[in-house]
Structure formats: C-alpha cells, structure tokens
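Okay, structure first, notes after.
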Amino acid sequence: MAAELKQKEIVPWHDFVAGSLGGMAQVTVGQPMDTIKTRLQIEGPNGRFVGPMDCLRKTIKNEGFLGLYKGMASPLVGVAAVNALLFAAYSNFKKIQEPYPGGPLTLTQIGIAGAGAGIVNAVLASPVELLKIKMQAQYGAGSTVRYSGPVDCARQLIKEHGIRHGLMRGYWITVIREIPGYAGFYAGFEGMKRYLTPVGENPATYPLGLLSLMASGASGGVSYWFACYPLDMLKSMIQNQNNPPKGAFYIVDAAKQVYREGGIKPFFRGFSPTIIRAVPAAAATFTTYELVMRALSGL
C-alpha cells in the first residue's frame, strides 16, 4: 500500500523552474484585474471610482490599455524568486509532515504546509508587492507621476525611510495575510485535484488533463481570496500610505479606520475583480507549474 501511495521525490531545481514559470504566467494573465483591484482598495469612500467597470473605463481612457499593466515589472522581475521560494517552502513543509518518505497527507496537513510556505514567502512577497502597489496607485502618466519605475520607487523609499520602514513596509500584515491565504490556496487546489482524480488512482501521481488542472488551479485561487481578502485590503492601504505606519498595533488601527468608513463593506472593496482575476490567473499558475514539473520529471 505504501508503495502505491508514494510519490516521486521532488528535485529542488525542478521546483525553482516550475515555480518561476508558473508565477510569470500568473502575472501575465492576472495583472489587468490586479490593477483594478488595487486601485479600488486604496481609494477612500469618496474616491474617483464608483466601481470596477468605472475604474476599468477611466484607466483605459486616461492611460490607455497598457495602464492596466502598471506595476507589472516588479512582480515579473521578482516572480522567479517569490514563486520559487513559495513552492520550495511548500514542498519542504509537506515533507516534514509525511508519515514516511513520499507518504500521503490529509487536506488539513496540506493547509498547514501552505500556511508555513506563506510565512516564508512573505519576506520576498512584501517588498515586491509594495513596489507593485505604489506603481499601480499612480493615476496618470508623464510629469503627473512620482515614480518612473519600480527601481526608482525602491530608491526613493529607501532614501526617505530606510529599508525597514521603506522597502519592507507592511511586512507583518503580509505575513498575517499569507497564513490563511496560502492554506486556502493549496488546500483548494489539492482538494479539487483529488476530487477530479479517478477512483482508485493516486492523486499525487495521476496525470490530470489540462481542463482538470485548470479547474484545480482556479479552485485554489478563489479559495486564497475568500480566506484572506480583508487582510489584503488592509495591506494595500498600509503599503500605499505616504508615511510608514506607527506603533505596534498599526494593523488594528488601520482596521478600525476602515471600519469607521462604513462597517464591513469597505474591507471588500475590489473583491469582484479579484475573484474574476483569480480564476484564470491561478489556473495559469498551477497548470504551468504542474506541466513543467511533469516535463522535467520525464512524464
């Protein structure tokens, strides 16, 4: 029985290549809706946009279609390191929990591995997303924008506030977001993958078809956002502030500020474009990752 359930040993550099390519696929597919999401999150109750479609229309009208790809350079450049770290950490947290080498895990254990990977991943994800948000928040072009690109943005933030309060601003809210987020991400993916695997086959080794992989990836992406969206909204707001947050309880203070705007509703600004984005973006991420891993493993 153990032999039947055992899966192939994961080679670290396979994880790196597959995770990097999966991340690039995610950024390319999901960036336009991510820009809409971020702009809606950081706008206050009396902001310039009345909803996702209004934001989309105004962005294209004032900045052209490429305005939807603002901030793409930061995650695209950093995606290799971010996703390689994420998938490698996930593989290692799974390995720690295996009853024997290559042994099966419950969905709860998959969620724990995802949460652990999210904690590790935050150290790179936080500055990469900070730069992305700063670029996406710039409405307009030319002399109307403060930062000419992610490198210029990083340089100015470090010069004004240092690394801790400049480039690493929002690190702890990123950690807090990633714990439930990636628990849902991997559990959602693995749960759907197991559901779609034929009875009697081992989900760890059975080669699902393209559509089944995409459905599994989409399930993981949607699960991620349902698990952590209010925290992501807070993260965007905190990282977009002109000055670093103050005090040990700055996350609680930010949550109170948002709640005063209108109760629970403001915590879900930008939720609909996020879910729309999650389906193709996560499907592209996991499908690319799985197919590359199969190719590198000789399947």
Side-chain angles (χ1 to χ4, degrees), residues 10-38 65-92 114 117-118 120-136 149-151 153-154 174 177-178 181-182 184-186 188-190 193 208 210-225 232 235-236 273-297 299:
I10 293 177
V11 181
W13 75 267
H14 289 184
D15 242 355
F16 177 83
V17 174
S20 299
L21 293 177
M24 290 177 183
Q26 179 189 48
V27 173
T28 303
V29 172
Q31 186 67 17
M33 281 297 164
D34 187 73
T35 299
I36 300 300
K37 177 210 74 165
T38 300
F65 183 76
L66 291 180
L68 295 171
Y69 285 88
K70 271 192 172 180
M72 183 174 174
S74 174
L76 198 58
V77 171
V79 75
V82 170
N83 279 272
L85 178 62
L86 175 67
F87 280 97
Y90 172 63
S91 295
N92 279 287
V120 174
N121 185 61
V123 71
L124 292 181
S126 181
V128 167
E129 292 190 18
L130 168 67
L131 298 178
K132 174 180 70 70
I133 288 169
K134 288 290 188 183
M135 297 304 298
Q136 289 174 323
V151 175
C153 181
T174 303
R177 180 201 67 174
E178 300 291 56
Y182 279 110
F185 187 65
Y186 284 107
F189 170 73
E190 187 65 28
K193 184 179 176 184
L208 287 176
L210 184 61
L211 290 179
S212 294
L213 280 176
M214 292 178 70
S216 300
S219 176
V222 171
S223 298
Y224 176 94
W225 289 114
D232 183 74
K235 185 186 77 70
S236 294
T274 300
I275 295 302
I276 293 171
R277 165 190 177 267
V279 174
T285 303
F286 273 115
T287 301
T288 301
Y289 176 81
E290 287 280 328
L291 293 178
V292 172
M293 286 294 283
R294 289 181 193 176
L296 295 175
S297 299
L299 291 177

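When a residue number appears, it is its place in the shown sequence, counting from 1.
Atom CE of M33 sits about 12.5 Å away from atom OG1 of T38, to the nearest 0.5 Å. Atom OH of Y69 is separated from atom CG of D34 by 11.5 Å, given to the nearest 0.5 angstrom. Rounding to the nearest 0.5 Å places CE of M214 at 6.0 Å from CG of L210. Residue M72 holds its CE atom at 10.5 Å from CG of L66, rounded to the nearest 0.5 Å. The OG atom of S216 sits 8.5 Å away from atom CD of E190, with the distance rounded to the nearest 0.5 Å. Note: I275 CD1 to W225 CH2 = 8.5 Å, rounded to the nearest 0.5 Å.
Residues Y182 and G114 come closest through the heavy atom pair CB-O, 3.2 Å. Residues A282 and G221 share a closest heavy-atom pair of CB-CA, 3.4 Å. For the pair G184 and S223, the tightest heavy-atom approach, listed with the atom from each and the gap, is O-CB, 3.2 Å. Heavy-atom minimum distance, A278 versus V222: CB-N, 4.1 Å. The shortest non-hydrogen separation linking G118 to L86 is N-CD1, 4.4 Å. Taking every heavy atom of both residues into account, L131 and C153 meet most closely at CD2-SG, 3.7 Å.
Judged by distance alone, with hydrogens and angles left aside, the side-chain atoms of S126 form no donor-acceptor pair with the main-chain N or O of A122 at under 3.5 Å. Q31 contributes no side-chain N or O that, together with a main-chain N or O of L68, makes up a donor-acceptor pair within less than 3.5 Å. At least one donor-acceptor pair under 3.5 Å links the side chain of R277 to the backbone N or O of G30.
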May I have the step-by-step check of side chain to side chain contact (heavy atoms under 4.5 Å, CB included) for Y224 and E178, ending in yes or no? CA-CA 9 Å; Y224 176 94; E178 300 291 56; 2.9 Å; yes
Side chain to side chain contact (heavy atoms under 4.5 Å, CB included) assessment of D232 paired with T274: CA-CA 11 Å; D232 183 74; T274 300; 6.0 Å; no
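Paired with L21 under the rule side-chain contact (heavy atoms from CB on, under 4.5 Å), one option of L291, V292, T285 passes, and it is V292. Shown are Q136, K235, K134; of these, the side-chain contact (heavy atoms from CB on, under 4.5 Å) with E129 is made only by K235.
Contact of the Q26 side chain with the F286 side chain is not registered, since no non-hydrogen atoms from C-beta on lie closer than 4.5 Å. Annotation: side chain of N92 is not in contact with side chain of V120 (no heavy-atom distance under 4.5 Å). Considering only heavy atoms from C-beta on, M293 stays 4.5 Å or farther from F87 through its side chain. The shortest side-chain heavy-atom distance between L213 and R294 falls under the 4.5 Å cut-off.
For F189 and Y186, the distance between ring centers is not under 6.0 angstrom.
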